[in-house]
Protein chains: 2
Amino acid sequence: MSKKTRVTIKTVAADAGVSVSAVSKVLRNAYGVSESLRENVQASIAKLGYRPNTAARAMRGKTYTIGVLVSDLANPFVPDLIYGIREAAEGAGYRIMIGVGRADRANELDLANSMLDQQMDGLVLIGPHMSADEIMRFGVQMPTTCVAYHADEATSFDTINADDVRGARLAVDHLIAAGHQRISMVTLDQFKSPENHVYYHREQGYRASMSAAGLDQYIDVHHLSDPIRRTNDWAHKYLQSSDLPTAVFCWSDLDAIQLMSAARQIGKDLPQELSIVGFDNSSVGELLQLGLTSVSQSALDLGNVAAETLVSRINGRTSAVHTLLKTELVARTSVMTMTPS
Amino acid sequence: MSKKTRVTIKTVAADAGVSVSAVSKVLRNAYGVSESLRENVQASIAKLGYRPNTAARAMRGKTYTIGVLVSDLANPFVPDLIYGIREAAEGAGYRIMIGVGRADRANELDLANSMLDQQMDGLVLIGPHMSADEIMRFGVQMPTTCVAYHADEATSFDTINADDVRGARLAVDHLIAAGHQRISMVTLDQFKSPENHVYYHREQGYRASMSAAGLDQYIDVHHLSDPIRRTNDWAHKYLQSSDLPTAVFCWSDLDAIQLMSAARQIGKDLPQELSIVGFDNSSVGELLQLGLTSVSQSALDLGNVAAETLVSRINGRTSAVHTLLKTELVARTSVMTMTPS
DNA sequence: CGTTCTACGTGTATCGTTATACAGATTGTT
DNA sequence: AACAATCTGTATAACGATACACGTAGAACG
């Protein structure tokens with residue numbers, strides 16, 4: 001751990017034969033340096049391989065670092081989102097640093113605080129489990145943007161979401177247009193402040209479309225508790241039941257894929273016996289070539305917009321922005337068109 | 001961004017009616033504080049909700065932060081690994097911070113440097129694309145541990161791996177025991193310094209087992225270039241060829257799953273027409289209920305050991321440690337037992 | 001030709017924390 | 001009673017950068 005050789009701004013200044021302040025000015029592109037001095041200093045920087053110490057920077061200025069708080073890394077949607085955030089962040093001169101939570105409030109709060117302690121310039125929260133009030137308190141202390149979290153009324157932070165209601169309506173309307181009436185929905189358990197969660201909004205969309213088509217009597221929502229592990233067991237049981245609907249709309253591809261797998265496994269003929277639509281149009285879905293019809297929300301776009309929004313707030317915007325991005329139906333082969341009987 | 005309300009060590013000192021140094025001593029559990037003063041200060045800390053500024057700490061002491069550098073977030077193996085690292089790190093009082101690379105040398109180098117700049121206490125590299133020499137240079141500057149990267153001879157950093165050679169042998173021997181002879185392997189393109197990559201070691205295992213069984217004539221390795229996107233196309237083409245082997249060993253579940261999907265899609269009868277074994281025993285594989293036989297390397301364990309190893313180095317160990325973890329075959333239904341003809 | 005600008009550099013206080021040196025109070029030893 | 005030893009708390013100098021207030025020199029101006 002030889003620290004003796006660490007190159008600091010002082011080393012550079014000495015090497016270039018100028019003051020520390022001058023080097024700092026060059027680093028920050030500040031006003032008041034001649035072209036020759038700048039070149040001189042930059043040559044020294046390159047020669048010595050100097051890199052400014054972020055920790056020291058953090059004490060007076062900015063860190064040029066954006067914290068990204070993720071609670072569920074296992075969701076295949078998240079990596080794409082992160083790539084999107086990084087892309088836009090780097091374009092604006094920021095790097096990102098990811099913290100992984102445990103999908104519980106306390107832990108997320110702690111992590112977000114720790115990012116505050118590290119003097120990050122801003123924070124992106126992905127599908128946080130905190131309440132809007134808690135996030136509000138954060139937003140006052142540092143620029144904050146949430147993705148996959150609905151809070152239209154929040155003033156101290158921004159939100160970027162896919163238009164989940166409309167996305168769900170696209171999915172359900174697609175099924176209705178294909179002649180389905182008995183359409184069920186699979187979604188997650190909503191323990192607390194459901195209105196913030198994306199799946200709540202998707203359920204609203206489902207209900208709206210069903211009602212609009214006069215299918216209230218067929219509204220049937222299944223709430224799963226464990227997002228990952230339980231779906232398979234549930235699917236097997238569910239598929240055995242005697243009064244299956246003709247179509248199922250799943251809040252996420254992850255569940256839709258498991259439902260499809262389970263159906264195939266017990267010998268169901270898809271999509272003849274059951275039509276399925278997912279949400280996310282995730283890359284895993286495509287990878288598996290299952291032909292899953294899904295609602296596409298571009299994770300890359302969401303990430304891009306989130307980063308841009310955050311940067312604009314870092315740069316001084318104080319009014320909140322709440323953006324909904326367009327969703328789109330990607331029709332594949334998992335939906336069967338009913339012949340009118 | 002009202003900074004006015006930020007509680008610092010000064011605020012605490014004032015509130016408790018003691019000096020800043022006294023508070024610092026309490027924070028660090030340093031020698032020279034009376035029980036009463038300690039309690040007094042701790043009360044103030046709790047009352048004010050004070051949290052030490054990590055950035056400021058970084059300038060003199062440690063940050064209690066471990067950087068984790070990931071190049072491919074899309075690989076479903078990575079999240080589990082990260083959870084493992086976090087678990088052990090938190091147990092030792094460290095938090096982790098994740099940086100996402102772009103799977104190219106330059107970008108990774110840059111990221112690792114940026115973690116250095118942030119004065120992190122140590123670094124875990126997951127499947128880095130840098131050369132052992134480059135990592136060696138890092139290891140001199142800060143405690144470094146690599147996961148999924150073989151470099152037995154490295155002195156300035158540690159490596160934690162599954163026993164890839166033995167794991168591959170388990171897989172291939174399993175196929176041989178089931179009566180297969182024409183066994184092919186699917187792996188990745190090895191552009192540079194292959195001996196560091198896990199898939200190179202798995203290929204060595206494959207070759208060793210084939211040779212040991214006198215099946216040299218059937219050795220047949222397919223190198224794919226793009227880990228994610230191309231596999232599907234390749235699989236479709238491959239499955240049409242006239243002289244398919246009876247079994248395929250895939251370097252990773254990700255490819256095995258795609259191969260299975262493609263085979264099903266074109267109507268192949270599995271496992272009768274083709275036996276498939278993967279590697280990783282990834283959760284996605286289980287999720288899809290494909291019955292994929294796979295070699296299990298516990299990502300959680302790997303992460304745990306990696307974090308423990310790193311912490312021990314942070315605490316002063318200077319000699320390098322290179323650990324191989326046990327692999328295990330998880331037999332499911334994707335392998336067909338040949339009846340001797 | 002003296003005064004005012006402007007451009008360029010430097011000196012220095014400062015951020016929040018840690019670590020060392022030291023001062024004062026208390027206790028112990030002979 | 002004098003002196004040493006210990007214990008408790010404070011003052012202060014870093015750490016590596018930034019940002020502000022200046023000083024200086026040459027140019028521009030009337």
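Atom set for the values below is all heavy atoms of this structure, side chains included, hydrogens, waters and symmetry mates excluded. So that the names make sense, note that chain A is the first sequence line, chain B the second, and so on, each numbered from 1.
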Please write out each protein N/O paired with an N/O of nucleotides 13-19 of chain D under 3.5 Å, distance rounded to 0.1 Å.
| residue | atom | partner | partner atom | Å |
| --- | --- | --- | --- | --- |
| dA14(D) | N3 | Arg60(B) | NE | 3.1 |
| dG16(D) | N2 | Ala56(A) | O | 3.3 |
| dA17(D) | OP1 | Tyr50(A) | OH | 2.7 |
| dA17(D) | OP1 | Asn53(A) | N | 2.8 |
| dA17(D) | OP2 | Ile9(A) | N | 2.3 |
| dA17(D) | O5' | Tyr50(A) | OH | 3.3 |
| dT18(D) | OP1 | Arg57(A) | NE | 3.0 |
| dT18(D) | OP2 | Ser24(A) | OG | 2.7 |
| dT18(D) | O2 | Arg60(A) | NH1 | 2.8 |
| dA19(D) | OP2 | Arg28(A) | NH1 | 2.7 |

**Item:** Phosphate OP1/OP2 of dA7(C) contacted by Tyr31(A) side-chain N/O (<4.0 Å)
**Value:** yes

**Side-chain (Tyr83(A)) to main-chain (Leu73(B)) donor-acceptor, under 3.5 angstrom** = yes

**Request:** Can you tell me the distance, in whole Å, between the CD atom of Glu39(A) and the C1' atom of dC8(C)?
**Result:** 15 Å

**Message:** Using side-chain heavy atoms (C-beta onward) and a distance below 4.5 Å, is Gln118(B) in contact with Met97(B)?
**Reply:** no

**Message:** Can you measure Glu35(B) atom CD to dT8(D) atom P for me and round it to whole angstrom units?
**Reply:** 10 Å

**Item:** Length of the line joining Leu37(B):CG and dA25(C):P, which is rounded to integer Å
**Value:** 17 Å

**Prompt:** With a 4.5 Å limit on heavy-atom distance, are the side chains of Glu108(B) and Arg105(B) in contact?
**Reply:** no

**Message:** Are Arg6(B) and Leu116(A) packed together at the side-chain level, in the sense that at least one heavy-atom pair is separated by less than 4.5 angstrom?
**Reply:** yes

**Prompt:** Under 30°, 30 to 60°, or over 60°: which ring-plane class applies to His322(A) and Phe157(A), parallel, tilted or perpendicular?
**Reply:** perpendicular

**Note, Met120(B) side chain near Ile96(B) side chain (heavy atom, < 4.5 Å)** = no

**Request:** Rounded to the nearest angstrom, tell me the gap between atom CD in Gln119(B) and atom C1' in dG16(C).
**Result:** 15 Å

**Request:** Write down the distance between CG (Asn40(B)) and P (dT8(D)), rounded to a whole number of angstrom.
**Result:** 15 Å

